[in-house]
Amino acid sequence: MSATNPCVTCGACCANFRVSFYWAEGNDAPNGYVPAELTEQINSFYRCMRGTNSSTPRCVALQGDIGGVVGCSIYGDRPSPCRDFAISLDGSNPACDRARAKYGMAPLITIQEVA
Ligand code: SF4
Ligand code: SF4
């Protein structure tokens, strides 16, 4: 992420959902890459990022303060849901907007419109 990416001053999606994915994305599987020690088993097929299987989720890999300066400590090895989650620059991902709202941050499309 670049210094101008709004995600580096957000992080809300890393503390809003259960981040679950196929177990074999873990690095204890032959072609896996996500640090397995940072994950929790859900069932025979799925695991999740530790800290996200909670009513107050916060991924164990999230560094910093939400809405301040944040970072993912395993960015290059993050699981598929994190790679697939789209930033809502144009309002196209309501889940991003909802995550930001939970932490008192406006939808990015609104911020861009007034900038
Ligand atoms: S909630 Fe949206 S803006 Fe915030 S870190 Fe996630 S994708 Fe980026
Ligand atoms: S692995 Fe990284 S990008 Fe994915 S939820 Fe955790 S902190 Fe966020």
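This chain uses plain numbering: 1 for the first residue, then up along the sequence. Every number for a ligand or one of its atoms is a count from 1 in the order of the listing.
At a cut-off of 3.5 Å, with distance as the only test, no side-chain donor of Thr52 or Arg18 sits close to an acceptor on the other residue.
Ligand 1 places these atoms under 4.0 Å from at least one heavy atom of Phe85: 7 (S). Applying the 4.0 Å criterion to heavy atoms of Cys59 picks out, from ligand 2, the atoms 1 (S), 5 (S), 6 (Fe), 7 (S). Taking every non-hydrogen atom of Leu62 and a distance limit under 4.0 Å, the qualifying atoms of ligand 2 come out as 7 (S). Taking a cut-off of under 4.0 Å to the non-hydrogen atoms of Leu108, the atoms of ligand 1 that pass are 3 (S).
In this structure, the protein non-hydrogen atom closest to atom 5 (S) of ligand 1 is Gly11 N, 3.4 Å. The closest protein non-hydrogen atom to atom 8 (Fe) of ligand 2 is Cys14 SG, 2.4 Å. Annotation: atom 2 (Fe) of ligand 2 to nearest protein heavy atom, Cys72 SG, 2.3 Å.
Residue contacts with ligand 1 for Val70 are absent, since no atom lies close enough (heavy atoms, distance under 4.0 Å). The backbone and the side chain of Cys13 each have at least one atom closer than 4.0 Å to an atom of ligand 1 (non-hydrogen atoms only).
Judged by distance alone, the side chain of Asn27 and the main-chain N or O of Gly32 form no donor-acceptor pair under 3.5 Å. Under the 3.5 Å distance criterion, the side-chain polar atoms of Tyr103 are matched with a main-chain donor or acceptor of Ala15.
Between atom 4 (Fe) of ligand 2 and Cys82 there is an N/O/S contact shorter than 2.8 Å. Taking backbone and side-chain atoms together, Cys10 has an N/O/S atom less than 2.8 Å away from atom 4 (Fe) of ligand 1.
A heavy-atom separation below 4.0 Å is not found between Ser88 and ligand 1.
Side-chain contact between Ile87 and Asn93 is absent, with no heavy-atom pair separated by less than 4.5 Å. Here the side chains of Met49 and Phe21 are in contact, with some heavy-atom distance below 4.5 Å.
Relative ring orientation between Phe85 and Phe17 is described as tilted, the plane-to-plane angle lying within the 30° to 60° band.
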**Message:** One pair to check against side chain to side chain contact (heavy atoms under 4.5 Å, CB included): Cys10 and Met105. What are the steps and the verdict?
**Reply:** CA-CA 8 Å; Cys10 179; Met105 291 180 279; 3.6 Å; yes
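The existence of a salt bridge linking Arg47 and Asp28 is confirmed by a sub-4.0 Å separation between a basic side-chain nitrogen and an acidic carboxylate oxygen.
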